[in-house]
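Throughout, a chain's letter reflects where its sequence line sits, starting with A, and its residues are numbered from 1.
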Amino acid sequence: MKRTRILDLPTCKEGSEVQISGWVDGVRALGKIAFLSIRDGTGTVQAVAKPTTSGWDLVEELSLETAISLRGILKKDERALGGVEIKATQLSIIAPSAPDYPIQPKEHSTGFLMSQRHLWIRRPLQASLLRIRSTVILAAQNHLDSLGYVRVDAPILTPTSCEGTTTLFKLDYFEKTAYLTQSGQLYNEATAHALDRVYCFGPTFRAEKSKTRKHLTEFWMLEPEAVGLGLEENISLQESLFCALIDGVLDAHEEELERRFKRDLRALKICQRPFPRMTFAEASSRLSSLGFPLDEEGDFGAQHEEELAKDVGRPFFVHHFPAAAKAFYMAPDPLDPSLSLSLDLIAPDGGGEITGGGVRIQDPNLLARRMDEEGLNRDDFSWYTDLRKYGGVQTGGFGMGIERMVRWLTGTHHVRETIPFPRTIDRLSP
RNA sequence: UCCGCGGUAGCUCAGCGGUAGAGCGGGUGGCUGUUAACCACUAGGUCGUGGGUUCAAAUCCCGCCCGCGGAGCCA
């Protein structure tokens, strides 16, 4: 008999015979009747076994996570969670599970659960998060594809840094030194000159000693880059992508977001284009009037970001950051060279900076000067400056942290739950 | 890297100078409608680690290690 996935049970007729297989999620044995909660990766269902069930003797061997196969009659029953249950006619064990399964149906600390991440992901909420992550990635690729963007991935092993050298993971590469990529941005400029509109998507590494719920040392970044993408076009692309991701997740997971994640769906549905936008200068005067002036350095702290986001109440752009605060390749504003043609997309409800991007410097002399100012060795970037030498045109783009996006969409507390196996400053396993 | 909090049973925690505790989980038995089932019994600990104070340290003091939360930095 063919196995039915629990997800598909609602399409089966009541009273029909079904066969499922999955893992024991809970057992409540009452003597001559036993209630089994069975999870198969697509859903959870209750089965009822009685002494007439073939394999009844096995009930006493069912520890948590025992893999079983079960055949029975599908019945509607108000007393079962989900409204349906299976009256088991036949039960068999596929693979036993040791009785010391560490994750109990009770509160655990996040630290403990993270140490059991390989098992924790079996829990429905965690599995759901990974499913939503998959939807977000697919929606992003579909959207970019519909706009003519070609996926061209950047290397992960790189010879030089893209931004600061202090946050690089260094490794031996035969006789040389290599670094794990911090961004595919520089390579994107090369591929944009070959294919017009491109994006890369892959793991990104930052050896930042950050301990916050928005940071991972290994995260996945989606980076579109296109010829002629000025600030205005950049904003427009980000808006459409952001909305496409919201739509994609609502299409596939609306009920789940509400029931399982208790996400306020209005916060997602109010994200209509155009998004509010403000210059860095406007943001800082707005912060002053809110009672949170920037410090002397003029830097935007976590509190500033949060107060501003609270005030705006929905995702918004901050653009024209001071040039000094941005990477060497960010183009200055021709009207005021102390400002850069850069922008960040900030989400409310603690979502924080979801994207960061801008327009790249095209002028080779200016680029050389900026590299000198940042103390970068020009020779290391010869291929990059070559792009300017041979018909270099202006490109622009941005990077979106996929985990941050998933975190915001689902209202998850910490990014570490939005990636299968998180890497943080103090966690390298499992 | 800095600041704050913590480390006691497999897990979540109480105990805070005088014989090591609870709930959950595990084991055994009971129970025909459970929903983190319930009831009874039971096993399980060099109190993170090294030193110090004391008649006596899980408890007080110092160093170190590990975890959690936050900051800076960023996506």
Figure out the NZ/P separation between K87(A) and G33(B), and round it to whole Å. 12 Å
For F321(A) and F280(A): C-alpha separation, side-chain torsions, deciding distance, then whether ring-ring contact (aromatic ring centres under 6.0 Å, His included) applies. CA-CA 5 Å; F321(A) 285 87; F280(A) 180 80; 5.4 Å; yes
Strictly under 6.0 Å, is that where the ring centroids of F242(A) and F317(A) end up? no
Spacing of the P atoms in G27(B) and G51(B) (rounded, Å): 39 Å
When rounded to the nearest Å, what value does the distance between C1' atoms of G26(B) and G10(B) take? 8 Å
Kindly indicate whether a cation-pi arrangement holds for K170(A) with Y179(A), taking the cut-offs as under 6.0 Å to the six-membered ring centre and within 45° of the axis. no
Could you let me know what G48(B) is paired to, Watson-Crick or G-U wobble, both distances under 3.5 Å, or none if it's on its own? C64(B)
Could you state the interatomic distance from CD1 (I246(A)) to CG (L268(A)), rounded to the nearest 0.5 Å? 5.0 Å
Please give, in whole Å, the distance from U34(B) C1' to E78(A) CD? 16 Å
Hey, is the side chain of Q46(A) pairing donor to acceptor with the base of U34(B) inside 3.5 Å? yes
Please list residues of residues 29-36 of chain A whose heavy atoms come under 4.0 Å from any atom in RNA chain B, ordered by number; otherwise none. A29(A), L30(A), G31(A), K32(A), I33(A), F35(A)
Would you mind classifying the nucleic acid contact of F219(A) as base, sugar-phosphate or nothing, using non-hydrogen atoms under 4.0 angstrom? base
What is the distance, rounded to the nearest whole Å, between atom CG of D344(A) and atom P of C73(B)? 13 Å
Protein-nucleotide distance (E60(A), atom CD; U28(B), atom P), rounded to Å: 8 Å
Salt bridge or not between R151(A) and D153(A)? Use side-chain N to carboxylate O under 4.0 Å. yes
Gap between atoms NZ and P, on K50(A) and G33(B) respectively (whole Å): 9 Å
Take the protein atom CZ of F242(A) and the nucleotide atom P of A75(B), then report the distance between them rounded to whole Å. 16 Å
Validation row, ring centre Y187(A) to ring centre W383(A) under 6.0 Å: yes
At under 4.0 Å between heavy atoms, what does L216(A) touch on the DNA or RNA strands: base, sugar-phosphate, or nothing? base
Are any of the side-chain nitrogens in D8(A) or R5(A) under 4.0 Å away from the carboxylate oxygens of its partner? yes
Rounded to whole Å, NZ of K75(A) lies from P of G33(B) at a distance of 19 Å
On a whole-Å scale, what distance lies between the P atoms belonging to A36(B) and U42(B)? 28 Å
Is it true that Y149(A) and Y199(A) have ring centroids separated by less than 6.0 Å? no
Under a 3.5 Å cut-off for both contacts, is U19(B) paired Watson-Crick or G-U wobble with anything, and if yes, with which nucleotide? none
Note: for P99(A) and E85(A) on RNA chain B, the residue whose nearest nucleotide lies more 5' is P99(A)
With the criterion being N/O to N/O and under 3.5 Å, what pairs connect the protein with nucleotides 67-72 of chain B, and how long is each?
residue: G67(B); atom: OP1; partner: D426(A); partner atom: O; Å: 3.1
residue: C68(B); atom: OP1; partner: R427(A); partner atom: NH1; Å: 3.3
residue: G69(B); atom: OP1; partner: R416(A); partner atom: NH2; Å: 2.5
residue: G69(B); atom: OP2; partner: R416(A); partner atom: NH1; Å: 3.4
residue: G70(B); atom: OP1; partner: R213(A); partner atom: NE; Å: 2.5
residue: G70(B); atom: N7; partner: K211(A); partner atom: O; Å: 3.3
residue: A71(B); atom: N6; partner: K209(A); partner atom: O; Å: 3.4
residue: G72(B); atom: OP1; partner: A302(A); partner atom: N; Å: 3.1
residue: G72(B); atom: O6; partner: S210(A); partner atom: OG; Å: 3.4
residue: G72(B); atom: O6; partner: K211(A); partner atom: N; Å: 3.2
residue: G72(B); atom: N1; partner: K209(A); partner atom: O; Å: 3.2

Taken to the nearest whole Å, CD1/I346(A) to P/A75(B) is 12 Å
Given the P atoms of C64(B) and A57(B), what is the spacing between them in whole Å? 24 Å
Note: for P51(A) and L81(A) on RNA chain B, the residue whose nearest nucleotide lies more 5' is P51(A)
Contact class for K326(A) (heavy atom, under 4.0 Å): base, sugar-phosphate, or nothing? nothing
Pairwise C1' distance for U49(B) and G67(B), with rounding to whole Å: 15 Å
Can you confirm whether more than 12 heavy atoms, excluding those of E373(A), are under 6.0 Å from its CD atom? yes
Scanning all shown strands, the Watson-Crick or wobble mate of A71(B) with both distances under 3.5 Å is U1(B)
Say we look at U34(B) and A71(B): how far apart would their P atoms be, to the nearest angstrom? 47 Å
With C1' as the reference atom in both, quote the distance from C47(B) to G29(B) in angstrom, rounded to an integer. 33 Å
Kindly confirm or rule out a cation-pi arrangement of R123(A) over W120(A), judged by NZ or CZ under 6.0 Å from the six-membered ring centre and within 45° of its axis? no
Can you tell me, in whole Å, how much space there is between the P of A40(B) and that of A22(B)? 14 Å
Under a 4.0 Å threshold between the charged nitrogen and the carboxylate oxygen, would K75(A) count as salt-bridged to E85(A)? no
For C41(B), which nucleotide is its Watson-Crick or G-U wobble mate, given both distances must be under 3.5 Å? G27(B)
